[in-house]
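Working notes, beginning with the structure itself.
Scope of the values below: all heavy atoms of this structure, side chains included, with no hydrogens, waters or symmetry mates. The sequence lines fix the lettering, A, B, ..., with proteins before strands; numbering per chain opens at 1.
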Number of protein chains: 2
Amino acid sequence: MIATKEATGALHRRIEVELECKIISGEWPPGTRIPPEQELTAVYGCSRMTVNKALSALARAGLIHRRMGAGSFVATPNKIAARIEVRDIASEIRERGMTCHFTVLESAVRRATPSDRRLLSITKGKVLGIDTIYRADETSYALERRLINLEEVPGAADVDFSRQSPGAWLLSHSPWISGEHHISAVAADPETARALGVPEGQACLRVERWVWQTKGMISYAEQIFPAIGGHQIEARFMPTK
Amino acid sequence: MIATKEATGALHRRIEVELECKIISGEWPPGTRIPPEQELTAVYGCSRMTVNKALSALARAGLIHRRMGAGSFVATPNKIAARIEVRDIASEIRERGMTCHFTVLESAVRRATPSDRRLLSITKGKVLGIDTIYRADETSYALERRLINLEEVPGAADVDFSRQSPGAWLLSHSPWISGEHHISAVAADPETARALGVPEGQACLRVERWVWQTKGMISYAEQIFPAIGGHQIEARFMPTK
DNA sequence: TAGTGGTCTAGACCACAGC
DNA sequence: CTGTGGTCTAGACCACTAG
């Protein structure tokens, strides 16, 4: 066994890290052929399964590309994929060390309007519309306009959202979800400006979130953060997953 | 071998998909104990390594949590991790089916000012500052203010950025990078408004990007997209990776 | 102490790529 | 055809957890 440094952990893990270093350092530029598994078993003095585990991990992480019968090659990244973690607004405020209060401005069950149907991609049924103001240390932090599809989540109609925020309830109630975000900037319209207590036309960050489960769309939420609050979304990207 | 349906692919993959379905459908809620590997080998009539491969993949994807000596359990997701793909502005415009023109407003090599040093986390050295306007079909699309650390990327001083955009050159020149984005909303200051041809105070989406390699910070870029252009960032999240 | 996951072996057969 | 990765086996030893 070759041991240039201490054997800190599993061998397959050390092989993975060692190869990863060669790739992200540029020693093996994109397109470089990785030594075949057979050869690596000789280098590391281990079985093929162990080498395979390391190479498979690198392939899953997108650092190499494996072609059956041909070999393994360092991948050529053409786009940057960043990862953002979107938390519930209430827990986000608390993580910043501030106290969070939220007030439900409006909460009403209604038959889906044309606008509701478009946002939730449904053709009929009832929806629950909830408008909530979030305050961080008594300062307006965000306005959330949310639609919940009662056909998919009938229990939502009976929840007291003055105690638990809609976002937190939905996450705890149906944990495994898929969805999509759209992040954009908007100028505060009169109604939004009044609700948030900011000047009309104020630059705001808008996050729209569609959430669905295997069956269908669960919820749509539009969150408006005035730029005054300094709200920002952080996203990190790394060559290794 | 048990085959309730067609054996479409690798067995370890089918096991993984089957267990994943039980989790994201809610049949196995968070905290549920997964049958031990030993038991699954009996269920699927295969060796332990095959079951292990499926469970390891689920663990890596974050769907289950494995504790040595204790067992495997369905994970409790507490935050939503979304994935955004940030492309070069020029290629982004072209993907929208528009033609892209960019104009370098200013390009100058200078000794790092205090502001440069703070943004690039350096204490000395020279930087290249480039301000670029991107137009989509003759309409202002974005303003980019970029700093390149010439200590890390000395070759940047000799590139003709009127032909290739700085972002595209950097990506092709040093492919394996790490970094961070901050996404926020800002009101256009007078200088930005003039450069983009929009009213002062216009709501804009701002994307800041720090990029580094193993050694140190390579570049800082601030991109301003006026809300008028309808620019938005899309992010998708899924329970399975 | 018994059960569980983490790791590893030394083979094996197959599908596919490239010569 | 040979070399490659994709998959799988039937064991094994260890570290750790829980009762």
Query raised in the report: How about A/Ser219 and A/Arg146: does a side-chain donor come under 3.5 Å of a side-chain acceptor?
Result: yes
Could you check how far [atom1] of [X] sits from [atom2] of [N], rounded to whole Å?
| X | N | atom1 | atom2 | value |
| --- | --- | --- | --- | --- |
| A/Ile15 | C/dG6 | CD1 | C1' | 15 Å |
| A/Lys53 | C/dC8 | NZ | P | 7 Å |
| A/Leu55 | D/dT7 | CG | C1' | 15 Å |
| A/Arg60 | D/dG6 | CZ | C1' | 13 Å |
| A/Arg14 | C/dT7 | CZ | C1' | 13 Å |
| A/Leu40 | D/dG3 | CG | C1' | 15 Å |
| B/Phe73 | C/dG3 | CZ | P | 16 Å |
| A/Ile64 | D/dT4 | CD1 | P | 15 Å |

Query raised in the report: What residues, two or more places apart in sequence or in another chain, satisfy side chain to side chain donor-acceptor pair (under 3.5 Å) together with A/Glu222?
Result: A/Arg145, A/Arg206
**Report entry** Distance in Å, B/Asp88 CG paired with B/Glu144 CD, rounded so as to fall on 0.5 Å steps
**Finding:** 7.5 Å
**Report entry** Nucleotide nearest B/Glu37 (side chain, heavy atoms from C-beta), chosen from C/dG5, C/dT7, C/dC8
**Finding:** C/dG5
Query raised in the report: When you measure from the side chain of A/Arg33, which nucleotide among D/dT9, D/dT4, C/dC8 comes out closest?
Result: D/dT4
Report summary line: Closest to the 5' end of DNA chain C, once B/Glu39 and A/His12 are matched to their nearest nucleotides, is B/Glu39
Report task. Might you confirm whether atom CZ of B/Arg83 has over 12 heavy atoms from other residues, nucleotides or ligands at distances under 6.0 Å? Result -> no
Query raised in the report: Would you say A/Glu234 has more than 12 foreign heavy atoms packed within less than 6.0 Å of its CD?
Result: yes
Query raised in the report: Quick one: is A/Arg66 getting a side-chain N or O under 4.0 Å of the D/dT4 phosphate, OP1 or OP2?
Result: no
Query raised in the report: OP1, OP2 of C/dG5 versus side-chain N and O of B/Ser72: anything below 4.0 Å?
Result: yes
**Report entry** Annotated protein contacts, base or backbone, on nucleotides 11-19 of chain D with a non-hydrogen cut-off under 4.0 Å, one of B, S, - each
**Finding:** -B--BBBS-
Query raised in the report: Under 30°, 30 to 60°, or over 60°: which ring-plane class applies to B/Tyr141 and B/His231, parallel, tilted or perpendicular?
Result: perpendicular
**Report entry** Counterpart base for C/dG18, defined by Watson-Crick or G-U wobble contacts under 3.5 Å
**Finding:** D/dC1
Query raised in the report: Is there any salt bridge (Lys or Arg N to Asp or Glu O under 4.0 Å) pair reaching into residues 36-55 of chain B, and which pairs are they, with sequence neighbours excluded?
Result: B/Glu37-B/Arg48, B/Glu37-B/Arg66
Query - Sugar-phosphate only, base, or nothing, as touched by A/Ser56 at under 4.0 Å among non-hydrogen atoms - result: nothing
